[in-house]
Structure formats: structure tokens, C-alpha cells
Amino acid sequence: MLNWTNVLNDDPLPWLLEPDPNNPGVRYFALRDLLGRPEDDPEVQAAKAAIMTTGPVPAILDAQYPDGYWVKPGGGYSPKYRSTVWQIIFLAELGADPADERVQRGCEYLLSHSIASNGAFSAYQKPVPSGSVLCLNGNLLYALQRLGYRDDPHVQTALDWLARAITGEGGFRYLRSGTCGPGFACSANERQPCAWGANKAMKALLAVPAEQRSPAMQRAIEVGAQFLLSRDPAVADYPYTQRVSSTWFKFGFPLTYWSDVLETTAILVEMGYGRDPRLANALQLILSKQDAQGRWKLENALTGKMWADIEEKGKPSKWVTLRALRVLKHLL
């Protein structure tokens, strides 16, 4: 067994690597991310091809209108979770092929219908700057990069907006609604810093190769690290007007605007804080959730809300297990 698997109760890799027509993306990501196989490996290529023929990705693409949108024309944020915005996020998370014409059509539609005058994505049907929140922009910018649109001028402009919204530099305009900034402040969190938004924003900025990040992006990442480590990630008592959301402690897939301790830990590990003692409790929490077979349950799900259900809530989850193992591989 690999060194990082020594902390597991058992080895779940054979389970993740088995052909699974319901969740073909798991095998692809396990081969690539856990075993380190290159993209041109025949098994990796076969697993990647299966994503487009079985499971949730074909169901999502079958629901797409010819113009590239889902459900109805326009900004695409609602209805959750069947409209355009969410399908782009889900397609990226599920491993859809960026070369597929339907995937590209969806991305192009999003880029031409969901961006407000400030250059950022907006949650409103007719995009305006007040709908430009961090979680939405982080999710979409991460997804669009995974789907081959990193160099698109709209994506580059939105990435710059995201960095400036976090740092407050460059004449960033604060709004009564939407992202208030700086430091992840959001009207949805009563103008307090939002850790869910911080996680999504960091995912997007970290997806940019280090050598391509602007100074503003790098400064925003540093602000993000400071904020996420300002609380114990295992407790997740970030600024919030009510009690700490239980969602933090229910691991799920796919995540939408919400987040969990596993995502925070993954982001901080990618930032280089894997050995930081402030992550010790989060690591212990993650390990404590595995079962006797070294698997993690699906504790948070969108059952009945997507074009295709992904696994069964309360049962061992290949996707959540994959998420956990990715973190452990880089931590240990």
C-alpha cells in the first residue's frame, strides 16, 4: 500500500477503480489523482471517455437546449440546480470532456449571458453587479478553467475582479448587495466575511498556474489563507449571525455555494499548509468519518434536484471518498 493509505481502516482503492457506469468519473480521477497515471495512459483515456457515455454527464447534456442553455434563457442561476450556471459547475466536477461540442456550447452561452458590467458573473437573470457574489464567481471560474476556458478574456477579467474584491485594491466598488468586500464580506452574510465564499474564491485562484497568477491574485490567496486559518477549520466558527452551519460537518458531492471542512482542508493543503498544526483537528475529523472499509459516506446531497442523482445519501460514497483521499495523499 502507498504510505498515505496507512491511516485508512482499509484500502478503498479497488472500490474506486472498479468500472462503474453510474459514476465513471471516479475511476478516471482515481487513476489520475491517486495513482498518478498520465493523461495519455490507455486506462485513463478509456475512463475519461466513459464519463461522456454513462452516468450523470450524458443526462445533463441531454437536458441542454440547442442554444446552449438549460431550463430557460438568461443568466442561468435559477432554478437551482437544473439551470445553466449549475450545469457548468457540475460538468467540471464530474470530469466532462472540454472538447465536447455541447460542453463548449454551454460555456459559451454562460460567458455571453451571465456577466455583469463589472466583468463578474451575476446571480440575476439579467446580470447586474449587485448579483456578483464570491461563491458564484469562484465556482464558475474554477469550472471554466477545468473546461478549457482559462485564457478566455471574460474569464481573465472575472479573475481580476475576484482578486480585487478580496483585497479591495484597484478601485474596487463596494455594493449594498452582492459582494461588499474586502476580505470576503458578503451581503448574504450580513456584510460579514463568508468562509463559504472564501473557499470557492480560493479554488478558482489556485486553479490558475502559479506562474500565470497576477500579483493581485497572489495577494488575494494570501488573504484567503489568513482568513481560513483565523479559525480552527474543524470548528468552522467563521463570522456568522446564527449558529455554525451543520453543513460544514456533512461531507457531500457535488458542493454548490456551500462548503465543508473537507473542502477547507483541501484548499489549505494546496496552499502549502498541510503540515501546519492548525490543520490537525480538521485532519482528525476527516479520518474519524471513514468506515471500517476506509470509505466515507455521502452526508450532504442534492437528491432529486439535479438532472441525475449522484449516489445515495447516507451510503458510502465514491465521490466523497475520492475527495478525502486526495487530501490525505497530499497531507501524509
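Both Trp258 and Val244 are assigned to one and the same hydrophobic cluster, defined by single-linkage of ILVMFWY side chains at heavy-atom distances under 4.5 Å.
Among the candidates Gln156, His154, Glu108, the single residue satisfying the side-chain hydrogen bond (donor to acceptor under 3.5 Å, both in side chains) test with Tyr149 is Glu108. Evaluated for a salt bridge (Lys or Arg N to Asp or Glu O under 4.0 Å) with Glu263, the options Lys200, Lys250, Arg323 yield exactly one hit, Lys200. Just one residue in the list Leu302, Leu94, Asn300, Ile89 forms a side-chain contact (heavy atoms from CB on, under 4.5 Å) with Pro254, and that residue is Leu302.
Proximity of Arg150 to Pro209: side-chain heavy atoms (C-beta onward) are separated by under 4.5 Å at one or more points. The closest side-chain heavy-atom distance from Tyr238 to Thr264 is below 4.5 Å.
The line from CG of Asn189 to CZ of Phe184 is 13.0 Å long, rounded to the nearest 0.5 Å. With rounding to the nearest 0.5 Å, the separation of CG in Leu134 from CE in Met202 is 8.5 Å.
Although no hydrogens or angles enter the test, the distance criterion places a donor-acceptor pair under 3.5 Å between the side chain of Asn139 and the main chain of Thr256. Side chain of Thr54 to backbone of Pro21: a donor-acceptor contact under 3.5 angstrom is found.
Applying the salt bridge (charged side-chain N to carboxylate O under 4.0 Å, His left out) test to Asp291 and every residue at least two apart in sequence or in another chain returns Arg295. Residues passing the side chain to side chain contact (heavy atoms under 4.5 Å, CB included) test with Asp40, sequence neighbours excluded: Pro38, Gln45.
Looking at Glu270 and Lys203, no side-chain N of the basic residue comes within less than 4.0 Å of a carboxylate O on the acidic one, giving no salt bridge.
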Assess whether side chain to side chain contact (heavy atoms under 4.5 Å, CB included) is satisfied between Leu141 and Leu162, documenting all intermediate values. CA-CA 9 Å; Leu141 289 169; Leu162 185 66; 4.0 Å; yes

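Classification of the Trp319-Phe253 ring pair by plane angle, with boundaries at 30° and 60°, yields parallel. Ring-plane geometry between Tyr81 and Phe90 is classed as tilted, the angle between the planes lying from 30 to 60 degrees on a 0 to 90 degree scale.
Judged as a ring pair (Phe, Tyr, Trp, His ring centres under 6.0 Å), the pairs with a partner in residues 110-129 (not counting sequence neighbours) are, in order, Tyr109-His113.
Residues near Tyr240 contribute nothing to a hydrophobic cluster around it, because no ILVMFWY side-chain heavy atom sits closer than 4.5 Å to its side chain. With a 4.5 Å cut-off between side-chain heavy atoms of Ile, Leu, Val, Met, Phe, Trp and Tyr, the cluster of Tyr142 takes in none.
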Show me the donor-acceptor pairs, under 3.5 Å and distance only, between side chains in residues 59-66 and residues at least two apart or in other chains.
residue : atom : partner : partner atom : Å
Gln64   : NE2  : Gly68   : O            : 3.2
Gln64   : NE2  : Arg102  : O            : 3.1

